[in-house]
There are 2 protein chains.
Amino acid sequence: MKNIWIDKLKEKGMRITAQREAIVDILSQSDKALEPIEVYDLTRQNHPTLGMVTVYRTMECLEELGLLQKVHQDSGCNKYLKVKEGHNHLLICRGCGKAIYFEGLDMEMQFEGIAQQHNFNLEDHWLQLNGLCQQCQASGR
Amino acid sequence: MKNIWIDKLKEKGMRITAQREAIVDILSQSDKALEPIEVYDLTRQNHPTLGMVTVYRTMECLEELGLLQKVHQDSGCNKYLKVKEGHNHLLICRGCGKAIYFEGLDMEMQFEGIAQQHNFNLEDHWLQLNGLCQQCQASGR
DNA sequence: TGTATTATTGAAAATGACTTTCATTATCAA
DNA sequence: TTGATAATGAAAGTCATTTTCAATAATACA
(Lines give C-alpha, C1' and ligand atoms only; values in the text may rest on other atoms or scores of the structure.)
Protein backbone atom coordinates (compact mmCIF):
# COMPACT_ATOMS: atom_id res chain seq x y z
CA MET A 1 0.00 0.00 0.00
CA LYS A 2 2.60 2.50 1.09
CA ASN A 3 4.88 1.51 -1.78
CA ILE A 4 2.12 2.08 -4.31
CA TRP A 5 1.63 5.59 -2.96
CA ILE A 6 5.36 6.32 -3.05
CA ASP A 7 5.54 5.05 -6.63
CA LYS A 8 2.68 7.33 -7.64
CA LEU A 9 4.46 10.30 -6.11
CA LYS A 10 7.61 9.37 -8.05
CA GLU A 11 5.64 8.98 -11.27
CA LYS A 12 4.45 12.54 -10.85
CA GLY A 13 8.08 13.65 -10.63
CA MET A 14 7.86 14.43 -6.94
CA ARG A 15 10.80 13.90 -4.63
CA ILE A 16 10.59 11.34 -1.87
CA THR A 17 11.49 13.04 1.39
CA ALA A 18 11.54 11.60 4.88
CA GLN A 19 8.59 13.84 5.76
CA ARG A 20 6.46 12.64 2.89
CA GLU A 21 7.29 9.05 3.62
CA ALA A 22 6.25 9.47 7.24
CA ILE A 23 2.97 11.12 6.29
CA VAL A 24 2.23 8.42 3.71
CA ASP A 25 2.94 5.80 6.39
CA ILE A 26 0.27 7.21 8.65
CA LEU A 27 -2.40 7.83 6.03
CA SER A 28 -2.00 4.66 4.00
CA GLN A 29 -2.35 2.56 7.12
CA SER A 30 -5.19 4.37 8.84
CA ASP A 31 -8.64 2.79 8.71
CA LYS A 32 -10.27 6.05 9.72
CA ALA A 33 -10.45 9.43 8.10
CA LEU A 34 -7.90 11.83 9.57
CA GLU A 35 -7.72 15.58 9.62
CA PRO A 36 -4.45 17.44 9.04
CA ILE A 37 -3.80 18.16 12.71
CA GLU A 38 -4.21 14.45 13.54
CA VAL A 39 -1.78 13.48 10.80
CA TYR A 40 0.58 16.13 12.14
CA ASP A 41 0.41 14.79 15.69
CA LEU A 42 0.71 11.13 14.68
CA THR A 43 3.59 11.75 12.31
CA ARG A 44 5.51 13.90 14.78
CA GLN A 45 5.72 10.96 17.19
CA ASN A 46 8.40 9.53 14.91
CA HIS A 47 9.42 12.72 13.15
CA PRO A 48 9.35 15.60 15.64
CA THR A 49 10.62 18.35 13.35
CA LEU A 50 7.80 18.01 10.84
CA GLY A 51 5.91 21.22 10.07
CA MET A 52 2.18 21.62 9.67
CA VAL A 53 2.65 23.23 6.27
CA THR A 54 4.22 20.06 4.95
CA VAL A 55 1.25 18.04 6.16
CA TYR A 56 -1.17 20.31 4.30
CA ARG A 57 0.89 20.26 1.12
CA THR A 58 1.41 16.51 1.15
CA MET A 59 -2.24 15.75 1.82
CA GLU A 60 -3.24 18.06 -1.02
CA CYS A 61 -0.92 16.15 -3.38
CA LEU A 62 -2.27 12.80 -2.24
CA GLU A 63 -5.82 13.97 -2.87
CA GLU A 64 -4.90 15.20 -6.36
CA LEU A 65 -3.32 11.84 -7.08
CA GLY A 66 -6.59 10.15 -6.16
CA LEU A 67 -5.11 8.38 -3.15
CA LEU A 68 -7.07 10.31 -0.54
CA GLN A 69 -10.60 11.62 -0.50
CA LYS A 70 -12.56 13.93 1.74
CA VAL A 71 -15.14 12.41 4.06
CA HIS A 72 -17.87 14.76 5.18
CA GLN A 73 -19.16 14.46 8.71
CA ASP A 74 -20.89 16.84 11.06
CA SER A 75 -17.86 16.63 13.30
CA GLY A 76 -15.77 18.16 10.56
CA CYS A 77 -15.33 18.29 6.82
CA ASN A 78 -11.57 18.25 6.75
CA LYS A 79 -11.07 14.54 7.21
CA TYR A 80 -9.31 12.47 4.59
CA LEU A 81 -9.60 8.75 4.00
CA LYS A 82 -7.62 6.51 1.68
CA VAL A 83 -9.50 5.86 -1.54
CA LYS A 84 -10.69 2.41 -2.52
CA GLU A 85 -11.16 2.64 -6.25
CA GLY A 86 -14.67 2.13 -7.54
CA HIS A 87 -16.06 1.88 -4.01
CA ASN A 88 -17.87 4.92 -2.76
CA HIS A 89 -20.22 3.23 -0.32
CA LEU A 90 -19.05 3.80 3.21
CA LEU A 91 -19.98 2.62 6.67
CA ILE A 92 -18.56 4.86 9.37
CA CYS A 93 -18.54 4.49 13.14
CA ARG A 94 -19.66 7.55 15.06
CA GLY A 95 -17.60 6.45 18.04
CA CYS A 96 -14.13 5.62 16.79
CA GLY A 97 -14.34 6.86 13.23
CA LYS A 98 -13.53 3.50 11.66
CA ALA A 99 -14.47 3.57 7.98
CA ILE A 100 -15.41 0.50 5.95
CA TYR A 101 -16.00 0.48 2.21
CA PHE A 102 -18.81 -2.00 1.73
CA GLU A 103 -20.01 -3.84 -1.34
CA GLY A 104 -23.07 -5.90 -2.16
CA LEU A 105 -25.54 -3.15 -2.94
CA ASP A 106 -25.90 -2.55 -6.64
CA MET A 107 -28.08 0.46 -6.97
CA GLU A 108 -26.65 2.12 -10.05
CA MET A 109 -29.73 1.33 -12.12
CA GLN A 110 -32.12 2.70 -9.50
CA PHE A 111 -30.07 5.85 -9.10
CA GLU A 112 -30.04 6.30 -12.86
CA GLY A 113 -33.83 5.96 -12.87
CA ILE A 114 -34.26 8.63 -10.21
CA ALA A 115 -31.99 10.98 -12.12
CA GLN A 116 -33.94 10.45 -15.34
CA GLN A 117 -37.24 11.16 -13.59
CA HIS A 118 -35.86 14.58 -12.74
CA ASN A 119 -34.11 15.10 -16.08
CA PHE A 120 -30.71 15.01 -14.46
CA ASN A 121 -27.58 13.70 -16.05
CA LEU A 122 -26.15 11.60 -13.21
CA GLU A 123 -22.43 12.02 -12.61
CA ASP A 124 -21.73 10.34 -9.30
CA HIS A 125 -23.21 9.59 -5.93
CA TRP A 126 -22.28 9.37 -2.32
CA LEU A 127 -23.76 6.85 0.09
CA GLN A 128 -22.72 6.79 3.68
CA LEU A 129 -24.13 4.74 6.54
CA ASN A 130 -23.46 6.00 10.03
CA GLY A 131 -23.63 3.95 13.17
CA LEU A 132 -21.71 2.37 15.99
CA CYS A 133 -19.27 -0.49 15.51
CA GLN A 134 -19.27 -3.50 17.83
CA GLN A 135 -16.44 -2.28 20.05
CA CYS A 136 -17.99 1.14 20.49
CA GLN A 137 -21.35 -0.43 21.33
CA ALA A 138 -19.63 -2.59 23.94
CA SER A 139 -17.81 0.36 25.44
CA GLY A 140 -21.14 2.10 25.83
CA ARG A 141 -20.80 5.22 23.67
CA MET B 1 -43.39 27.88 4.61
CA LYS B 2 -42.04 31.12 5.93
CA ASN B 3 -44.88 31.39 8.43
CA ILE B 4 -44.17 27.95 9.78
CA TRP B 5 -40.58 28.94 10.40
CA ILE B 6 -41.58 32.18 12.10
CA ASP B 7 -44.03 30.28 14.29
CA LYS B 8 -41.31 27.85 15.32
CA LEU B 9 -39.07 30.73 16.28
CA LYS B 10 -41.88 32.22 18.36
CA GLU B 11 -42.57 28.86 20.02
CA LYS B 12 -38.97 28.82 21.17
CA GLY B 13 -39.55 32.21 22.75
CA MET B 14 -37.43 34.05 20.22
CA ARG B 15 -38.29 37.56 19.10
CA ILE B 16 -39.24 38.21 15.53
CA THR B 17 -37.01 40.96 14.21
CA ALA B 18 -36.91 42.44 10.73
CA GLN B 19 -33.47 40.85 10.22
CA ARG B 20 -34.65 37.37 11.15
CA GLU B 21 -37.67 37.68 8.97
CA ALA B 22 -35.53 38.71 6.00
CA ILE B 23 -33.13 35.82 6.52
CA VAL B 24 -36.00 33.36 6.88
CA ASP B 25 -37.50 34.74 3.65
CA ILE B 26 -34.34 33.92 1.73
CA LEU B 27 -33.67 30.51 3.22
CA SER B 28 -37.21 29.15 3.29
CA GLN B 29 -37.66 29.99 -0.39
CA SER B 30 -34.31 28.84 -1.73
CA ASP B 31 -34.22 25.55 -3.62
CA LYS B 32 -30.45 25.37 -3.27
CA ALA B 33 -28.19 25.11 -0.28
CA LEU B 34 -26.73 28.47 0.69
CA GLU B 35 -23.68 29.44 2.67
CA PRO B 36 -23.76 32.26 5.21
CA ILE B 37 -22.07 34.79 2.93
CA GLU B 38 -24.64 34.10 0.21
CA VAL B 39 -27.48 34.58 2.65
CA TYR B 40 -25.81 37.79 3.78
CA ASP B 41 -25.53 39.14 0.23
CA LEU B 42 -29.04 38.12 -0.77
CA THR B 43 -30.62 39.49 2.37
CA ARG B 44 -28.76 42.78 2.20
CA GLN B 45 -30.37 43.55 -1.15
CA ASN B 46 -33.52 44.41 0.77
CA HIS B 47 -31.97 45.03 4.15
CA PRO B 48 -28.62 46.79 3.71
CA THR B 49 -27.74 47.28 7.36
CA LEU B 50 -27.77 43.57 8.21
CA GLY B 51 -24.61 42.28 9.85
CA MET B 52 -22.84 39.02 9.14
CA VAL B 53 -23.02 38.07 12.81
CA THR B 54 -26.78 38.08 12.70
CA VAL B 55 -26.72 35.76 9.70
CA TYR B 56 -24.52 33.26 11.53
CA ARG B 57 -26.62 33.43 14.67
CA THR B 58 -29.93 33.08 12.86
CA MET B 59 -28.76 30.18 10.71
CA GLU B 60 -27.47 28.41 13.80
CA CYS B 61 -30.90 28.78 15.42
CA LEU B 62 -32.68 27.52 12.33
CA GLU B 63 -30.44 24.48 12.25
CA GLU B 64 -31.09 23.76 15.93
CA LEU B 65 -34.82 24.03 15.27
CA GLY B 66 -34.49 21.38 12.58
CA LEU B 67 -35.46 23.75 9.79
CA LEU B 68 -32.05 23.82 8.08
CA GLN B 69 -29.46 21.13 7.56
CA LYS B 70 -25.89 21.10 6.33
CA VAL B 71 -25.20 19.79 2.84
CA HIS B 72 -21.67 18.59 2.22
CA GLN B 73 -20.14 19.18 -1.19
CA ASP B 74 -16.60 19.46 -2.45
CA SER B 75 -17.33 23.06 -3.30
CA GLY B 76 -17.91 23.76 0.38
CA CYS B 77 -19.20 22.22 3.56
CA ASN B 78 -20.87 25.29 4.96
CA LYS B 79 -24.02 25.20 2.86
CA TYR B 80 -27.43 24.94 4.45
CA LEU B 81 -30.62 23.63 2.88
CA LYS B 82 -34.17 23.67 4.19
CA VAL B 83 -35.07 20.33 5.74
CA LYS B 84 -37.79 18.11 4.31
CA GLU B 85 -38.72 15.89 7.21
CA GLY B 86 -38.08 12.21 6.78
CA HIS B 87 -36.43 12.74 3.41
CA ASN B 88 -32.69 12.53 3.40
CA HIS B 89 -32.16 11.41 -0.19
CA LEU B 90 -30.94 14.28 -2.30
CA LEU B 91 -30.30 14.97 -5.95
CA ILE B 92 -28.08 18.00 -6.45
CA CYS B 93 -27.04 19.84 -9.60
CA ARG B 94 -23.34 20.50 -9.96
CA GLY B 95 -24.07 23.50 -12.14
CA CYS B 96 -26.66 25.62 -10.35
CA GLY B 97 -26.82 23.89 -7.00
CA LYS B 98 -30.51 23.07 -7.21
CA ALA B 99 -31.37 20.43 -4.61
CA ILE B 100 -34.25 18.00 -4.90
CA TYR B 101 -35.36 15.62 -2.17
CA PHE B 102 -36.40 12.49 -4.02
CA GLU B 103 -38.51 9.55 -2.97
CA GLY B 104 -39.23 6.13 -4.39
CA LEU B 105 -36.15 4.26 -3.19
CA ASP B 106 -36.79 2.24 -0.09
CA MET B 107 -33.46 0.89 0.95
CA GLU B 108 -33.72 0.90 4.70
CA MET B 109 -33.79 -2.90 4.86
CA GLN B 110 -30.76 -3.27 2.64
CA PHE B 111 -28.84 -0.68 4.64
CA GLU B 112 -29.79 -2.48 7.83
CA GLY B 113 -28.47 -5.72 6.33
CA ILE B 114 -25.13 -4.18 5.43
CA ALA B 115 -24.78 -2.75 8.92
CA GLN B 116 -25.52 -6.13 10.50
CA GLN B 117 -22.93 -7.86 8.31
CA HIS B 118 -20.34 -5.56 9.84
CA ASN B 119 -21.80 -5.69 13.36
CA PHE B 120 -22.74 -2.04 13.24
CA ASN B 121 -25.71 -0.50 14.96
CA LEU B 122 -27.09 1.68 12.16
CA GLU B 123 -28.10 5.19 13.21
CA ASP B 124 -28.65 7.10 10.00
CA HIS B 125 -27.49 7.41 6.43
CA TRP B 126 -26.82 9.97 3.79
CA LEU B 127 -27.48 9.40 0.10
CA GLN B 128 -26.73 12.08 -2.42
CA LEU B 129 -26.84 11.88 -6.20
CA ASN B 130 -24.82 14.47 -8.09
CA GLY B 131 -25.35 15.46 -11.67
CA LEU B 132 -26.49 18.18 -14.02
CA CYS B 133 -30.07 19.39 -14.25
CA GLN B 134 -31.75 19.93 -17.60
CA GLN B 135 -31.14 23.68 -17.75
CA CYS B 136 -27.46 23.31 -16.89
CA GLN B 137 -27.06 20.58 -19.51
CA ALA B 138 -28.66 22.88 -22.08
CA SER B 139 -26.42 25.79 -21.13
CA GLY B 140 -23.44 23.54 -21.69
CA ARG B 141 -21.73 23.38 -18.32
C1' DT C 1 31.39 9.95 -6.32
C1' DG C 2 30.84 14.98 -6.43
C1' DT C 3 28.17 18.85 -7.85
C1' DA C 4 24.57 21.85 -9.72
C1' DT C 5 19.83 22.39 -10.15
C1' DT C 6 15.73 23.02 -8.23
C1' DA C 7 11.93 20.95 -5.43
C1' DT C 8 10.95 20.84 -0.62
C1' DT C 9 10.91 22.40 3.98
C1' DG C 10 9.39 25.07 8.05
C1' DA C 11 9.14 29.60 10.53
C1' DA C 12 6.65 33.55 10.29
C1' DA C 13 3.30 36.46 8.40
C1' DA C 14 -1.08 36.79 5.99
C1' DT C 15 -5.71 35.44 5.04
C1' DG C 16 -10.39 34.40 5.76
C1' DA C 17 -14.24 32.15 8.01
C1' DC C 18 -16.36 32.21 12.10
C1' DT C 19 -17.04 33.56 17.24
C1' DT C 20 -17.00 36.51 21.19
C1' DT C 21 -17.56 40.88 23.46
C1' DC C 22 -20.15 44.71 24.62
C1' DA C 23 -22.60 49.04 24.25
C1' DT C 24 -26.72 50.34 21.82
C1' DT C 25 -31.28 49.34 20.04
C1' DA C 26 -35.68 47.06 19.48
C1' DT C 27 -39.22 43.58 20.82
C1' DC C 28 -43.03 42.45 23.42
C1' DA C 29 -45.37 41.22 27.90
C1' DA C 30 -47.63 43.55 31.32
C1' DT D 1 -46.61 53.21 27.40
C1' DT D 2 -43.02 51.28 29.63
C1' DG D 3 -39.46 48.27 31.48
C1' DA D 4 -37.02 43.96 31.24
C1' DT D 5 -34.20 41.81 28.40
C1' DA D 6 -33.30 39.64 23.82
C1' DA D 7 -31.16 40.98 19.60
C1' DT D 8 -28.09 43.67 16.86
C1' DG D 9 -23.70 45.01 14.66
C1' DA D 10 -18.95 46.98 15.03
C1' DA D 11 -14.74 45.63 16.53
C1' DA D 12 -11.60 42.51 18.41
C1' DG D 13 -10.34 37.73 18.93
C1' DT D 14 -9.65 32.87 17.47
C1' DC D 15 -8.34 29.21 14.67
C1' DA D 16 -7.59 26.58 10.42
C1' DT D 17 -5.40 27.11 6.30
C1' DT D 18 -2.37 29.54 2.82
C1' DT D 19 1.44 32.33 1.28
C1' DT D 20 6.13 33.97 1.48
C1' DC D 21 10.86 33.23 1.52
C1' DA D 22 15.47 31.92 2.93
C1' DA D 23 17.67 27.61 4.11
C1' DT D 24 18.02 22.73 3.08
C1' DA D 25 17.95 18.33 0.75
C1' DA D 26 16.82 15.11 -3.26
C1' DT D 27 17.99 13.87 -7.66
C1' DA D 28 20.05 14.15 -12.40
C1' DC D 29 24.07 14.26 -14.48
C1' DA D 30 29.07 15.22 -15.11
Side-chain angles (χ1 to χ4, degrees), chain A residues 3 5-27 33-65 68-80, chain B residues 3 5-27 33-65 67-68 70-80:
Chain A
N3 291 331
W5 289 30
I6 297 290
D7 288 346
K8 282 228 179 184
L9 290 171
K10 281 184 187 162
E11 273 172 37
K12 272 280 171 183
M14 302 178 67
R15 294 180 179 175
I16 307 308
T17 63
Q19 291 91 329
R20 284 184 176 161
E21 227 171 320
I23 292 168
V24 163
D25 263 338
I26 295 295
L27 281 163
L34 297 172
E35 52 190 305
I37 186 68
E38 290 175 302
V39 175
Y40 177 75
D41 289 339
L42 288 167
T43 310
R44 278 173 67 94
Q45 290 175 9
N46 294 318
H47 206 290
T49 64
L50 178 77
M52 194 66 198
V53 194
T54 300
V55 173
Y56 278 110
R57 282 188 289 226
T58 303
M59 289 178 73
E60 189 185 359
C61 290
L62 294 172
E63 191 190 13
E64 281 167 9
L65 286 170
L68 283 183
Q69 70 181 329
K70 252 191 197 152
V71 169
H72 303 284
Q73 295 187 268
D74 283 342
S75 56
C77 300
N78 52 349
K79 295 190 184 234
Y80 288 81
Chain B
N3 291 331
W5 289 31
I6 296 291
D7 287 347
K8 281 228 179 184
L9 289 172
K10 281 184 188 163
E11 272 171 36
K12 272 281 169 181
M14 304 178 65
R15 295 179 179 176
I16 306 309
T17 64
Q19 291 92 329
R20 284 186 176 161
E21 226 171 320
I23 292 169
V24 164
D25 262 338
I26 295 295
L27 281 163
L34 297 172
E35 50 189 308
I37 186 70
E38 291 176 299
V39 175
Y40 177 75
D41 289 340
L42 288 167
T43 309
R44 278 173 68 93
Q45 290 174 11
N46 294 318
H47 206 291
T49 64
L50 179 78
M52 194 66 199
V53 195
T54 301
V55 174
Y56 279 112
R57 280 187 288 224
T58 303
M59 288 178 73
E60 189 186 358
C61 288
L62 293 172
E63 191 191 13
E64 281 167 10
L65 286 170
L67 297 168
L68 283 183
K70 251 193 198 152
V71 169
H72 303 283
Q73 295 188 269
D74 282 343
S75 56
C77 301
N78 52 349
K79 296 191 184 235
Y80 289 81

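Every value quoted in this text rests on a predicted model; they were computed, and no experiment measured them.
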> Could you state the interatomic distance from CG (A:L68) to CH2 (A:W5), rounded to the nearest 0.5 Å?
Replying inline: 4.5 Å
Distances for protein N/O vs nucleotides 11-13 of chain C N/O pairs under 3.5 angstrom?
none

>> As a quick check of understanding, evaluate side chain to side chain contact (heavy atoms under 4.5 Å, CB included) for A:L9 and A:L62, giving each step before the final call.
In response: CA-CA 8 Å; A:L9 290 171; A:L62 294 172; 4.2 Å; yes
> For the atom pair CG (A:N78) and CD (A:E35), what is the distance rounded to the nearest 0.5 Å?
Replying inline: 4.5 Å
>> Please find the pair of heavy atoms, one from B:Y40 and one from B:G51, that lie closest to each other, and give the distance.
In response: CE1-C, 3.7 Å
> How far does the helix from C:dT1-D:dA30 to C:dA30-D:dT1 bend, going by the axes of its first and last five pairs, to the nearest 10°?
Replying inline: 40°
>> With heavy-atom distances below 4.5 Å as the criterion, would you say the side chains of A:I6 and A:K10 are in contact?
In response: yes
> How many angstroms lie between NZ in B:K8 and CD in B:E64, if you round to the nearest 0.5 Å?
Replying inline: 13.0 Å
> More 5' along DNA chain C: B:N78 or A:T58, using each one's nearest nucleotide?
Replying inline: A:T58
>> With rounding to the nearest 0.5 angstrom, report the NE2 to OG1 distance, A:H47 to A:T54.
In response: 9.5 Å
> Is the phosphate of C:dC18, meaning OP1 or OP2, less than 4.0 Å from a side-chain N or O of B:Y56?
Replying inline: yes
> To the nearest angstrom, how far is B:E60 atom CD from C:dT19 atom P?
Replying inline: 7 Å
>> Under 4.0 Å from a heavy atom of chain A: give me the 5'-most and 3'-most nucleotides of DNA chain D that qualify.
In response: D:dA16 to D:dT27
>> Heavy atoms within less than 4.0 Å of DNA chain D: which residues of residues 13-26 of chain B have one? Give them sorted by number.
In response: B:M14, B:R15, B:T17, B:Q19, B:R20
> Which residues pass the salt bridge (charged side-chain N to carboxylate O under 4.0 Å, His left out) test with A:E60, sequence neighbours left out?
Replying inline: none
> Under 4.5 Å between any side-chain heavy atoms of B:C77 and B:K70, yes or no?
Replying inline: no
>> Testing the basics here: between A:L34 and A:M59, what is the closest heavy-atom pair and its distance to 0.1 Å?
In response: O-CE, 3.9 Å
> Which residue lies toward the 5' end of DNA chain C, B:E35 or B:K10, if each is placed at its nearest nucleotide?
Replying inline: B:E35
> How long is the line joining CD1 of B:I6 and P of C:dC28, in whole Å?
Replying inline: 10 Å
Sequence neighbours left out, cut at 3.5 Å: what donor-acceptor pairs do the side chains of residues 13-27 of chain B make with other protein atoms?
from  : atom 1 : to    : atom 2 : distance (Å)
B:T17 : OG1    : B:R20 : N      : 3.1
B:R20 : NH1    : B:R15 : O      : 3.0
B:D25 : OD1    : B:K2  : NZ     : 3.3

